[in-house]
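Computation of the quantities below employed the complete heavy-atom set of this structure, encompassing side-chain atoms and omitting hydrogens, waters and symmetry-equivalent molecules.
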Amino acid sequence: MTAPSPVHQALQEALDAAYLARATSAAVIDRFGPVRPFVSVIQWEQRQINGLQNLLRQRGWPIAADRHGGRVAAPPCPDQAWLARQGNWICGEDQLDRLRRMAAEDAEVVTVLKGLGQPPPFTAGDGNAATA
C-alpha cells in the first residue's frame, strides 16, 4: 500500500480539524441552546466539511470518520467559547499555511483550504461576545 499524497494528507487533516470545530460548536449549542453566533457558525462549518468530503470523493480517496462528534466539552459559558474561537476557526493560520504548502500542486484544494480560516461576517446581533 502506498502512502497518501501530500494533497490527500492535507485534505484529511483539514477535514479532521473541521470535524473538531463542528463538535465544539455543537457542544456549545447542546449545553446552552441555540445561541448565536454558534447556530450560524455550525452551518458554515458543515458547508466546509461537505466541500472537503466532496473533494476527497472526486479524487477517489477515503473519507475519515468524525472522531470528535459528541466528545467535546463546552466551555463554562458561550462568551468563553466565542473568545476561544477568535482567529482560530477550523484551522489556525500556522496550520493553514502548512496545509496550503502540502497541497500547493492542487489549486482547487488550496482555494478550499483558504476558506477554512475565517467564516463570513455575521450580522449585527449574531452573538454575545461577537458584538460586545
Margin query: Tell me the closest heavy-atom pair linking F32 and A74, and the distance in Å.
Written below: CE1-CB, 4.3 Å
Check: Any donor-acceptor pair under 3.5 Å linking the side chain of Y19 with the backbone of A64?
Finding: yes
Note to self: Connecting only ILVMFWY residues whose side-chain heavy atoms lie within less than 4.5 Å of each other, what is the rest of V72's hydrophobic cluster?
What the structure shows: L20
Next item on the list: Provide the closest heavy-atom pair for A103 versus A10 in the form atom of the first, atom of the second, distance.
Entry: CB-CB, 4.2 Å
Item checked: Pairs satisfying salt bridge (Lys or Arg N to Asp or Glu O under 4.0 Å), at least one member in residues 59-76, at least two apart -> D16-R67, R22-D66, R59-D106, R59-E108
Next item on the list: List the atom of A81, the atom of F38, and the distance in Å for their closest heavy-atom pair.
Entry: CB-CZ, 3.6 Å
Notebook entry, point to check: Listed by chain and number, what are the side chain to side chain contact (heavy atoms under 4.5 Å, CB included) partners of A21, not counting sequence neighbours?
Noted result: E45, R85, I90
Margin query: In the structure I gave you, are the side-chain heavy atoms of V35 and W82 within less than 4.5 Å of one another anywhere?
Written below: no
Margin query: So, using side chain to side chain contact (heavy atoms under 4.5 Å, CB included) as the criterion, who are the partners of Q43 when residues are at least two apart?
Written below: R47
Check: Any side-chain heavy atom of V7 within less than 4.5 Å of one from E105?
Finding: yes
Item checked: Partners passing side chain to side chain contact (heavy atoms under 4.5 Å, CB included) against L96 (at least two apart in sequence or in another chain) -> C91, E93, R100, L116
Check: Do you know which two heavy atoms are closest between A17 and Q95, and how far apart they sit?
Finding: CB-NE2, 4.2 Å
Note to self: As an exercise, state the distance from CZ of R36 to CD1 of I29, rounded to the nearest 0.5 Å.
What the structure shows: 11.0 Å
Check: What residues form a side chain to side chain contact (heavy atoms under 4.5 Å, CB included) with A26, not counting sequence neighbours?
Finding: I42
Item checked: Chi angles and distances behind the side chain to side chain donor-acceptor pair (under 3.5 Å) call for N54, Q58 -> CA-CA 6 Å; N54 286 336; Q58 288 170 4; over 6 Å; no
Check: Going from CD on E13 to CG on L52, what distance comes out if it is rounded to the nearest 0.5 angstrom?
Finding: 11.5 Å
Next item on the list: Starting at CG of L113, measure out to CG of L55 and round the result to the nearest 0.5 Å.
Entry: 8.5 Å
Checklist line | Main-chain N/O of P62 paired with Q12 side-chain donor or acceptor, under 3.5 Å | finding: yes
Notebook entry, point to check: Going hydrophobic residue to hydrophobic residue with side-chain gaps under 4.5 angstrom, can you get from L11 over to V110?
Noted result: no
